[in-house]
Protein chains: 2
Amino acid sequence: MTTVLIVDDQPLQRYGFHILLDSVDETDVVGEAAHGAEAVRKTAELRPDVVLMDVRMPGMDGIEATRRIVAAGGRSRVLVLTTFDLDEYVHAALRAGASGFLLKDVRPEELLAGIRAVASGDAVIAPALTRRLLEEYARYVPAHRADRAEDPGLGSLTDREREILVAVGKGWTNGEIAARFVLSESTVKTHVGRVLAKIGARDRVQAVIFAYDHGLARPTTD
Amino acid sequence: MTTVLIVDDQPLQRYGFHILLDSVDETDVVGEAAHGAEAVRKTAELRPDVVLMDVRMPGMDGIEATRRIVAAGGRSRVLVLTTFDLDEYVHAALRAGASGFLLKDVRPEELLAGIRAVASGDAVIAPALTRRLLEEYARYVPAHRADRAEDPGLGSLTDREREILVAVGKGWTNGEIAARFVLSESTVKTHVGRVLAKIGARDRVQAVIFAYDHGLARPTTD
DNA sequence: CGGCGCGTAGTACCCCGGTACCACTGCGGC
DNA sequence: GCCGCAGTGGTACCGGGGTACTACGCGCCG
């Protein structure tokens, strides 16, 4: 039995989902919420398996609510449902940690399949959105695993050198790296020099590019 | 009516898909191929709406075949089917330009829904894989559109400055940029300096990071 | 017309980064 | 015990990068 919390500011919309989910015996609607704040509170309280989350709501929207629910660390998973397939919504929702994104015109059986998938730890994306998502994915996500092994360089880096490379990838100067790692600047220079030689980079700029292309550097963090 | 080409090195597997797709009237199997090379040839010849592509095959595998079919630029879309949900396969297939990725244990109706989606220009991913895909997506894909506007800096860059930033993001030195843009190195320095000031970067290293985080820099494409 | 933004270009200066080369410690393996 | 490697550290040198400031032509707008 999958427990579900329905979040939508439209009572009628909630009613529709409620009826649908009640009509099958694999889901159990344990609560409803009309806006983001209530969704966060009730999720903490009711601990549903799945939160059916609307995006557009007065007050705290579904994206922010999703972010908070995910950050709270419970086992509840969020399935975002919206009428609009705006890229910004999809993007924001997924970055907020949603486990799925479906359009409200979804057929009932697909919604149920989606809830089932999300409840079991999988994720779902409406096919109409998946296409654009994949295009971005292919554009942005770098070479990755398969290539890492084949790649001359990364594998030959020592642990310390990899740490240094990550630090370089954060945009730190040799002095800053030395300070944070409690090393002398000379040592940092030695490490950086070896890293450059191993990965075939001319200078730290190309090292940063290498780090990004190989998934060593993470956006935003620091 | 959706025309389909079935690609799999196992005759029995092809047979199973053939029977399934023949049993419904919305799909029409127009051909079969036993390996990658044959798949590429028959796709060019038969121009199917959808190519059901197996990954593991002797000779040219499904990934490479997908790459070539997509590169050929026809309207055929590739739906990759495999028994193994290895990340490398998914990743490679999507980068190769596949419109979908499903596991062979998919239920018949889901396969048909997938074919339908792919034929209509959408994309599908097996829920079990979508989860991992999304995690990577959230990790790698940068701030993006919504944030770009709000972001102080990028919007205020002139066209020329943005070009320069992209060049810096490729790892080029000022001299190289000057050569490729047919400018004096002084001019490049002026531009770079202004870019740094506008985006709030200390040096070109941080500029590269900014470029990557904001989607200005593309992996690999030098 | 005068001003402003943009692109272009230059000079002068300083410092960080990269290279070359060397040296010591600690640890694991032959 | 000795060798090799990883990690640490140092000196010396120089070139590219970044800053500051100046300057000019061009197109656009009030």
Side-chain angles (χ1 to χ4, degrees), chain A residues 148-149 151-214 216-218 222, chain B residues 148-214 216-217 222:
Chain A
R148 282 192 201 173
D151 208 310
L154 219 183
S156 68
L157 291 182
T158 66
D159 292 344
R160 197 54 157 173
E161 285 162 358
R162 201 171 294 112
E163 284 181 338
I164 298 287
L165 176 53
V166 170
V168 170
K170 290 181 191 294
W172 298 352
T173 64
N174 288 336
E176 287 170 345
I177 297 173
R180 305 212 189 195
F181 284 61
V182 195
L183 291 175
S184 83
E185 200 167 330
S186 301
T187 305
V188 176
K189 278 192 172 187
T190 307
H191 285 313
V192 171
R194 277 202 275 262
V195 169
L196 296 184
K198 285 187 179 178
I199 68 177
R202 180 174 50 194
D203 48 39
R204 65 202 297 111
V205 176
Q206 295 190 344
V208 170
I209 295 171
F210 179 93
Y212 268 82
D213 286 354
H214 291 77
L216 279 182
R218 295 272 58 68
D222 190 356
Chain B
R148 282 192 201 172
E150 122 206 348
D151 206 313
L154 218 183
S156 67
L157 290 181
T158 66
D159 291 345
R160 197 53 157 172
E161 285 162 357
R162 201 170 294 110
E163 284 181 338
I164 298 288
L165 176 53
V166 170
V168 169
K170 290 180 193 293
W172 298 351
T173 64
N174 289 336
E176 286 169 344
I177 298 174
R180 305 211 189 193
F181 283 65
V182 195
L183 291 176
S184 83
E185 200 168 331
S186 301
T187 304
V188 175
K189 277 193 169 189
T190 306
H191 284 313
V192 171
R194 276 203 274 264
V195 169
L196 296 183
K198 284 188 179 178
I199 68 177
R202 180 174 50 194
D203 48 38
R204 66 199 299 110
V205 175
Q206 294 191 344
V208 170
I209 295 171
F210 180 94
Y212 268 81
D213 286 354
H214 292 76
L216 278 181
D222 182 6

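Chain letters run A, B, ... following the sequence lines, proteins first and then strands; every chain starts at 1.
The side chain of T173(B) has dG16(D) as its nearest neighbour among dA9(C), dG17(C), dG16(D).
Among the atoms of the strands shown, base atoms are found under 4.0 Å from some heavy atom of T190(B). At a threshold of 4.0 angstrom between heavy atoms, the contacts of S186(A) include nucleobase atoms, whether or not backbone atoms are also involved.
The nearest whole Å value for the distance from the CZ atom in F181(B) to the C1' atom in dG7(C) is 13 Å. The distance from atom CG of N174(B) to atom P of dG17(D) is 5 Å, rounded to the nearest whole Å. Distance CD (E161(A)) to P (dA6(D)): 7 Å, rounded to an integer number of Å.
Counting only distance, with no hydrogens or angles, the side chain of R180(A) and the backbone of G175(A) share no donor-acceptor pair below 3.5 Å.
Phosphate contact (OP1/OP2 of dG18(D), side-chain N/O of R202(B), threshold under 4.0 Å): absent. Phosphate proximity of dG18(C) to R204(A): present, with a side-chain N or O under 4.0 Å from OP1 or OP2. For the OP1/OP2 pair of dA9(C) and a distance below 4.0 Å, the side-chain nitrogens and oxygens of T187(B) include at least one atom meeting the criterion.
Ion pair E176(A)/R202(B) flagged as a salt bridge, since at least one NZ, NE, NH1 or NH2 atom sits closer than 4.0 Å to an Asp/Glu carboxylate oxygen.
Between the CG atom of D159(A) and the CD1 atom of I164(A) there is a distance of 12.0 Å, given to the nearest 0.5 Å.
Judged purely by distance below 3.5 Å, without hydrogens or angles, the side chains of T187(A) and T190(A) never pair a donor atom with an acceptor atom.
When each of R194(A) and V205(A) is assigned the nucleotide of DNA chain C with its nearest heavy atom, V205(A) is the one assigned upstream, toward the 5' end.
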